[in-house]
**Q** 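The structure's right below; bear with me while I get my questions together.
A, B, ... follow the sequence lines: proteins, then strands. Residue 1 opens every chain. All values below were derived from every heavy atom in this structure, side-chain atoms included, with hydrogens, water molecules and symmetry-related copies excluded.
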Amino acid sequence: MVGVGQFDIDLFLRILPDLAFGAFVTLELTSLSILFGLIIGSIAGLARVSKNRIFFGISTLYVEIIRGTPLLVQILIIYFGLPAIGINLRPEPAGIIALSVCSGAYIAEIVRAGIQSVPLGQMEAARSLGMSYLQSMRYIIFPQAFRNILPALGNEFIALLKDSSLLSVISIVELTRVGRQIVNTTFNAWTPFLGVALFYLMMTIPLSRLVTYSQKRIGTYEMK
Amino acid sequence: MIKFIKHPPNLFPMKYLLEIQGLYKKFGDIEVLKDINLSVERGEVVVIIGPSGSGKSTLLRCINRLEEPTAGKIFLDGIDITDKKVDINKIRQRIGMVFQQFNLFTHLTALQNVMLAPVKIKKIKKDEAERNAIKLLEKVGLGDQIHKYPAQLSGGQQQRVAIARALAMNPEVMLFDEVTSALDPELVKEVLDVMKQLARDGMTMIVVTHEMGFAREVGDRLIFMDEGVIVEEGEPIEIFRNPKNPRTKKFLSVIL
């Protein structure tokens, strides 16, 4: 049995800067991806509630394909597969594209649910004042939907942050990859990997506290 | 006293502000409106009553095309608004609507609710729109509540904000869709009082309501609808006193 007693404090302190660097890269990749994912997801989510069959069809296909395949496979296809059709991407762009496209599909469903959570009367009131469909969405529906889906978006960010560890397979030096490199050179798996987990927790716990807080705030806002 | 309405004088006014000709509306196989013909003069207050499911609300919602008419024509000041080529958003700016469930924008304060459409759609300057919005909110008796969110207001207050919001677009005709039906009884009067003042100021109004006192006092014309047709119309007092159609008689005997 391996116990905490075998945790190598000296090694841990020595690898701290490397882990911090890896965590920074992870946070950077995740933030960029969630940003692009939000843009993709907002458009796809809007298409998912559209009466236009083409928009609806394309967005539904996108969501189904992405949610029905593992993220790891998507990453492998984008990095190792796309060169077969002449698209060569460096690891970082490939990784960000994979995470963005994937989170976009999940965010699309969050956005769709958010839009549908706003009562129909809000749209009717906006239209009755002379706003176009898109103006109504922009000024009335989206702001209310966004408020409702903020906790779900926070959870998606946390999920994506953890999933970004899969990018280590295409040699992006993020937190998990840093851990593996240290293990390969020190032949000690226990301490570096515990350190990696600790750094993930240091990012996810504050985020999930923030999600809980925002949920409570929305609750009080509705009750007022 | 601030007047609710201020329009440039129309040099060649049509006789009727609103004309509905042969209007039909079907939901699937169900015919909700059957051959509705109705003309409304400028400044006229038309009150529509009738049992639930008689098509009153659908008629109102066809007038600003929240429901698409199945057949028939609707003219606003001579323009056929059922024509697919008209910009319905422009038309709707001229037709105010107030809903049973208020439908105030929950993420905006009372003031922002009233200001939003003039600023974003009519491109009116913010300070000017704000001054106008405050005037309207004062007019409906909410001058001290302008920074509150809908959830902080009573139903009657919310409905008065909704009226101010519709008026902020300076519409030529106002549609009221059972606007007091969702209110607690003690809050009905404050909303009706605002509507009465509006009528006195000369606003053209089409009012679907169950408030017979309001119909009698303010209505220039009363319309009784049942099963998708206009059964009887005339002076409110005359119809209340002496309904001619048996269906009108039966309806009035139940609710009066």
**Q** Rounded to the nearest 0.5 Å, how far apart are CG of B:Leu23 and SG of B:Cys62?
**A** 5.0 Å

**Q** Output the distance between atom OG1 (A:Thr212) and atom CG (A:Asn155), rounded to the nearest 0.5 Å.
**A** 8.0 Å

**Q** In Å and rounded to the nearest 0.5 Å, what is the OG1 to CZ distance from A:Thr26 to A:Phe24?
**A** 11.0 Å

**Q** Using distance alone, with no hydrogens and no angle criterion, decide if B:Gln197 and B:Asp201 have a side-chain donor and acceptor under 3.5 Å apart.
**A** yes

**Q** What part of B:Phe105 gets within 4.5 angstrom of chain A, counting heavy atoms only: side chain, backbone, both, or neither?
**A** both

**Q** How about CZ on A:Phe21, more than 12 heavy atoms from neighbouring residues, nucleotides or ligands closer than 6.0 Å, or not?
**A** no

**Q** Which residues from residues 46-57 of chain A are near chain B, with near meaning under 4.5 Å between non-hydrogen atoms?
**A** none

**Q** I need the contact set between residues 70-79 of chain A and chain B: heavy-atom distance under 4.5 Å, sorted by residue number.
**A** none

**Q** Just checking heavy atoms, which of residues 109-121 of chain B are less than 4.5 Å from chain A?
**A** B:Leu116, B:Ala117, B:Lys120, B:Ile121

**Q** Would the distance check show the side chain of B:Gln152 and the main-chain N or O of B:Tyr149 forming a donor-acceptor pair, the cut-off being under 3.5 Å?
**A** yes

**Q** Quick one: do A:Glu109 and A:Arg112 make a salt bridge, cutoff under 4.0 Å?
**A** yes

**Q** May I have the step-by-step check of side-chain contact (heavy atoms from CB on, under 4.5 Å) for B:Ile91 and B:Arg65, ending in yes or no?
**A** CA-CA 10 Å; B:Ile91 297 293; B:Arg65 274 180 49 196; over 6 Å; no

**Q** For B:Val40 and B:Val173, what are the C-alpha separation, side-chain angles and deciding distance, and is it a side-chain contact (heavy atoms from CB on, under 4.5 Å)?
**A** CA-CA 10 Å; B:Val40 182; B:Val173 53; 5.8 Å; no

**Q** Working to the nearest 0.5 Å, report the span between CZ of A:Phe199 and CG of A:Leu27.
**A** 12.0 Å

**Q** Can you check whether B:Leu17's main-chain N or O pairs, donor with acceptor, with B:Arg42's side chain at less than 3.5 Å?
**A** no

**Q** Which residue out of B:Gln101, B:Lys90, B:Arg165 racks up the most heavy-atom pairs below 4.5 Å with chain A?
**A** B:Arg165

**Q** Might you point out which heavy atoms bring B:Leu136 and B:Ala164 nearest each other, and give the distance in Å?
**A** CD1-O, 3.7 Å

**Q** Tell me the residues of residues 117-145 of chain A whose non-hydrogen atoms fall below 4.5 Å from those of chain B, in number order.
**A** A:Gly121, A:Gln122, A:Glu124, A:Ala125, A:Ala126, A:Arg127, A:Ser128, A:Leu129, A:Gly130, A:Met131, A:Ser132, A:Gln135, A:Tyr139, A:Ile140, A:Pro143, A:Gln144

**Q** Distance from B:Glu211 atom CD to B:Glu178 atom CD, nearest 0.5 Å?
**A** 10.5 Å

**Q** Taking NZ in B:Lys122 as the centre, count heavy atoms belonging to other residues, nucleotides or ligands within less than 6.0 Å. Is the count above 12?
**A** yes

**Q** Give the intermediate values and the outcome of side-chain contact (heavy atoms from CB on, under 4.5 Å) for residues A:Phe157 and A:Val211.
**A** CA-CA 10 Å; A:Phe157 186 83; A:Val211 169; over 6 Å; no

**Q** Which heavy atom of B:Thr70 sits nearest to which heavy atom of B:Lys25, and what is that distance?
**A** OG1-CA, 3.3 Å

**Q** Would you mind checking which part of B:Leu104 comes under 4.5 Å of any heavy atom in chain A, side chain (CB onward), backbone (N, CA, C, O), both or neither?
**A** backbone

**Q** Under 4.5 Å from any heavy atom of chain A, what part of B:Ile95 do you find: side chain, backbone, both or neither?
**A** backbone

**Q** Please say whether more than 12 non-hydrogen atoms of neighbouring residues, nucleotides or ligands are located less than 6.0 Å from CD1 in A:Ile87.
**A** yes

**Q** Pair B:Glu190, B:Ser154 - check side-chain contact (heavy atoms from CB on, under 4.5 Å), show working.
**A** CA-CA 11 Å; B:Glu190 63 190 53; B:Ser154 74; 4.3 Å; yes

